[in-house]
Q: 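After the structure tokens below, expect a handful of questions from me.
All values below come from the heavy atoms of this structure, side chains included, with hydrogens, waters and symmetry mates left out.
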Amino acid sequence: MKIAIELQPCCWARGGVGTYTWELAKRLHNQDGLEFCGNLFNFCGRNNNSAALENITMPIRINKTLAYGLYKRIWEWAPIPYQCLFRGRVDLSVFFNFIVPPRVSGRVITTIYDMTYLRCPETMASDNLKHLQRGIEYSARRSDHIITISEFSKCEIVELLNIPEERISVIPCAPSLPEKPEEFHVCKKKFHITRPYLLYVGTIEPRKNLERLLQAFDRLKQQYHIPHQLILAGGKGWRDEGIYRTATELPCSGDIVFTGYVTGAEKSALYQNANVFLFPSLYEGFGIPPLEAMYHGCPVVCSDAASLPEVVGDAAQLVDPLEVESIAQGIWKVLSDDGYAEGLIKRGYQRLERFTWDIAAEKLVRTCKMALERPSCISY
């Protein structure tokens, strides 16, 4: 049985979807009668994707006649069968970015990471929101099976899209970081780190609840006179103006640092040297950064919302993301009690044993076999 893996997300700026795709794809090898190949658009062969596809050993079928961006814009009305864009028949196509292109023949698996577009539409860029609103319900109906990344997201998909739970498999994420971190003195100089610091890693956007985090940090400064800086490491996101405005208006504004985009090596160095990692998100389908912090021995304070309790278990201090005082007191508990912080670190290492990319790839192989063996419930 031949299985085609969508590799396009690997070639975008390596965010969550791209990382998930790449980490799984590089672990897929022919086995148990399954033969894997990759599908990739590369118009006129003009893009050098060797770095983006590093360590992916499956043969890759490349379409050089059509740009992927153009294909997305025309696929709803252009009568182009998806399989005609790539040579050779396949029995199963696996997509990793929510949407199944129209006119795909054969069996299909798609990946739906979360239901942000229905639960928190105000936190999304309008173009991306419209794309998901147009395509997810069709994609869910068209798929023989759906992959998601947490039991929380599975329940959300069952409830909001009315998909039977037996058609959904959970394949969790795992930490994905370079082996060698950047030298910390380089990060200190680049990001103006002059004192002990608390760390957040992620996009600067409303869903991450950063305005309340900033207010909690200011409260800690006022009430406990902590010496720390607050380092917010990540690129700009959607509707981030209020976050930056809040940061400039607080009395502690001089101790708040926005780094902008950080490399994987820089991120590792920041994790290793932070006193506490903070992740107060309002909504996450999974939430990899807390696991990354655990990997580097940094105690974690995170939200008790959405999938996060499922991910961190008893290895993090959970807080109410809607209450500034809860966030502040959770941070203070970790900062003020070395024994408690050490306990979180120890439990964090233990927690990581549940989340590895090798385990995830094994689950993907089993999911593909199941989708091929069961009678299809889809008409195409």
Side-chain angles (χ1 to χ4, degrees), residues 4-22 24 39-43 47 52 63 66-83 85-86 93-104 108-150 153-154 156-163 167-168 173 202-208 234-240 281-286 306-307 378 380:
I5 303 295
E6 177 194 33
L7 296 179
Q8 212 69 37
C10 298
C11 302
W12 305 332
R14 189 66 63 77
V17 173
T19 297
Y20 190 79
T21 306
W22 178 70
L24 291 174
N39 285 348
L40 186 71
F41 291 85
N42 187 1
F43 182 59
N47 296 317
N63 181 292
L66 192 62
Y68 181 71
L70 175 61
Y71 175 55
K72 276 177 56 177
R73 288 195 291 272
I74 67 173
W75 70 21
E76 291 184 2
W77 54 267
I80 305 174
Y82 180 80
Q83 267 74 9
L85 300 170
F86 301 98
S93 299
V94 182
F95 297 94
F96 282 106
N97 194 36
F98 292 92
I99 304 301
V100 177
R103 304 174 185 86
V104 176
V108 166
I109 292 175
T110 195
T111 311
I112 299 178
Y113 299 86
D114 55 53
M115 290 281 96
T116 302
Y117 87 106
L118 288 178
R119 290 296 194 200
C120 307
E122 71 281 358
T123 67
M124 297 185 65
S126 57
D127 288 350
N128 192 31
L129 177 61
K130 290 175 183 176
H131 178 61
L132 295 181
Q133 288 172 332
R134 285 197 304 266
I136 280 194
E137 290 191 26
Y138 159 77
S139 298
R141 292 194 308 271
R142 174 61 187 86
S143 298
D144 294 88
H145 207 76
I146 291 169
I147 293 168
T148 193
I149 52 178
S150 65
S153 284
K154 178 176 178 176
E156 293 275 90
I157 294 167
V158 170
E159 176 187 347
L160 297 174
L161 298 182
N162 196 29
I163 303 296
R167 284 181 54 202
I168 307 171
C173 307
T203 308
I204 309 302
E205 61 183 4
R207 181 166 59 92
K208 304 299 184 178
K236 291 187 174 184
W238 170 250
R239 293 180 60 193
D240 55 12
S281 287
L282 297 172
Y283 189 91
E284 294 286 340
F286 187 84
S307 65
I378 308 300
Y380 46 81

Q: Check Leu85 against Asn63 and note the closest heavy-atom contact, atom names and distance.
A: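 Result for this residue pair: O-ND2, 2.7 Å.
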Q: Determine whether a donor-acceptor pair (N or O, by modelled atom type, separation under 3.5 Å) exists between the side chain of Asn42 and the backbone of Asn47.
A: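 Confirmed, Asn42 side chain pairs with Asn47 backbone.
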Q: Tell me the closest heavy-atom pair linking Pro79 and Arg103, and the distance in Å.
A: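 Closest pair (atom of Pro79, atom of Arg103, distance): CA-NE, 3.6 Å.
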Q: Calculate, to the nearest 0.5 Å, the distance between atoms CZ and CZ belonging to Arg142 and Phe95 respectively.
A: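 Going from CZ on Arg142 over to CZ on Phe95, the span is 8.5 Å.
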Q: Might you work through the side-chain contact (heavy atoms from CB on, under 4.5 Å) test for Asp114 and Arg119, ending with a clear yes or no?
A: CA-CA 9 Å; Asp114 55 53; Arg119 290 296 194 200; over 6 Å; no
Q: Calculate, to the nearest 0.5 Å, the distance between atoms CD1 and CD1 belonging to Ile80 and Ile74 respectively.
A: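 Output value for this atom pair is 4.0 Å.
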Q: Evaluate ring-ring contact (aromatic ring centres under 6.0 Å, His included) for Tyr20 paired with Phe286, printing each intermediate quantity in order.
A: CA-CA 12 Å; Tyr20 190 79; Phe286 187 84; 8.8 Å; no
Q: In Å, rounded to the nearest 0.5 Å, how long is the span from CG of Leu24 to OG1 of Thr19?
A: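 Output value for this atom pair is 10.5 Å.
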Q: Report yes if the side chains of Ile112 and Leu161 come closer than 4.5 Å at any heavy-atom pair, otherwise no.
A: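 Yes, their side chains come closer than 4.5 Å.
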Q: Yes or no on side-chain contact (heavy atoms from CB on, under 4.5 Å) for His145 and Ile168, after CA distance, side-chain angles and deciding distance?
A: CA-CA 6 Å; His145 207 76; Ile168 307 171; 5.5 Å; no
Q: Looking only at heavy atoms, what is the nearest atom pair of Thr21 and Leu7, with distance?
A: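 Looking at all heavy atoms of both residues, the shortest contact is CG2-CA, 4.4 Å.
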Q: Can you tell me if Glu137 has over 12 outside heavy atoms packed within less than 6.0 Å of its CD?
A: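 For Glu137, atom CD is not crowded (no more than 12 foreign heavy atoms under 6.0 Å).
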Q: Decide yes or no for Tyr283 and Glu156: does some side-chain heavy atom of the first lie under 4.5 Å from some side-chain heavy atom of the second?
A: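 In contact.
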Q: Output yes when a side-chain donor or acceptor of Asp144 lies under 3.5 Å from a complementary backbone atom of Val108, and no otherwise.
A: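 Judged by distance alone, yes, a pair lies under 3.5 Å.
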Q: How would you list, by chain and number, every residue that makes a salt bridge (Lys or Arg N to Asp or Glu O under 4.0 Å) with Glu6, sequence neighbours excluded?
A: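 Expected list: none.
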Q: Please test Glu159 against Met115 for side-chain contact (heavy atoms from CB on, under 4.5 Å), starting from the C-alpha separation and ending with a verdict.
A: CA-CA 10 Å; Glu159 176 187 347; Met115 290 281 96; over 6 Å; no
Q: With side-chain contact (heavy atoms from CB on, under 4.5 Å) as the test, would you mind laying out the steps for Val100 and Tyr82 before giving the verdict?
A: CA-CA 10 Å; Val100 177; Tyr82 180 80; over 6 Å; no
Q: Classify the ring geometry of Trp75 against Tyr71: parallel below 30°, tilted from 30° to 60°, perpendicular beyond 60°.
A: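 Ring orientation of Trp75 relative to Tyr71: perpendicular.
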Q: Compare every heavy atom of Gly285 with every heavy atom of Ser150, then report the nearest pair and how far apart it is.
A: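 For Ser150 versus Gly285, the nearest heavy atoms are OG-O, 2.6 Å.
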Q: Is the backbone N or O of Ala4 less than 3.5 Å from a side-chain atom of Ser93, with the two atoms forming a donor-acceptor pair by type?
A: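 Not a single qualifying donor-acceptor pair exists.
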Q: How many angstroms lie between OG in Ser126 and NZ in Lys130, if you round to the nearest 0.5 Å?
A: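 Separation between the atoms: 5.5 Å.
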Q: Ile146 and side chain to side chain contact (heavy atoms under 4.5 Å, CB included): which partner among Thr111, Val158, Thr110?
A: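 Exactly one pass, corresponding to Thr110.
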Q: Check whether any side-chain N or O of Arg167 sits under 3.5 Å from a backbone N or O of Ala140 as a donor-acceptor pair, and report yes or no.
A: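 Side chain of Arg167 to backbone of Ala140, a donor-acceptor pair under 3.5 Å: yes, one is there.
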Q: Is a donor on one side and an acceptor on the other found under 3.5 Å between the side chain of Tyr113 and the backbone of Phe96?
A: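 It does hold such a pair.
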Q: Give the minimum heavy-atom separation between Glu284 and Lys208, together with the two atoms involved.
A: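 The answer is OE2-NZ, 2.6 Å.
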Q: State the OG1-CD1 distance between Thr148 and Ile157, to the nearest 0.5 angstrom.
A: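 CD1 of Ile157 is found 4.0 Å from OG1 of Thr148.
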Q: Does the pair Glu122/Arg207 count as a salt bridge with the N-to-O cut at 4.0 Å?
A: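 Arg207 and Glu122: not salt-bridged.
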Q: Give, for atom OH of Tyr117 and atom NE2 of His131, the distance between the pair rounded to the nearest 0.5 Å.
A: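 Atom-to-atom, Tyr117:OH and His131:NE2 are 11.5 Å apart.
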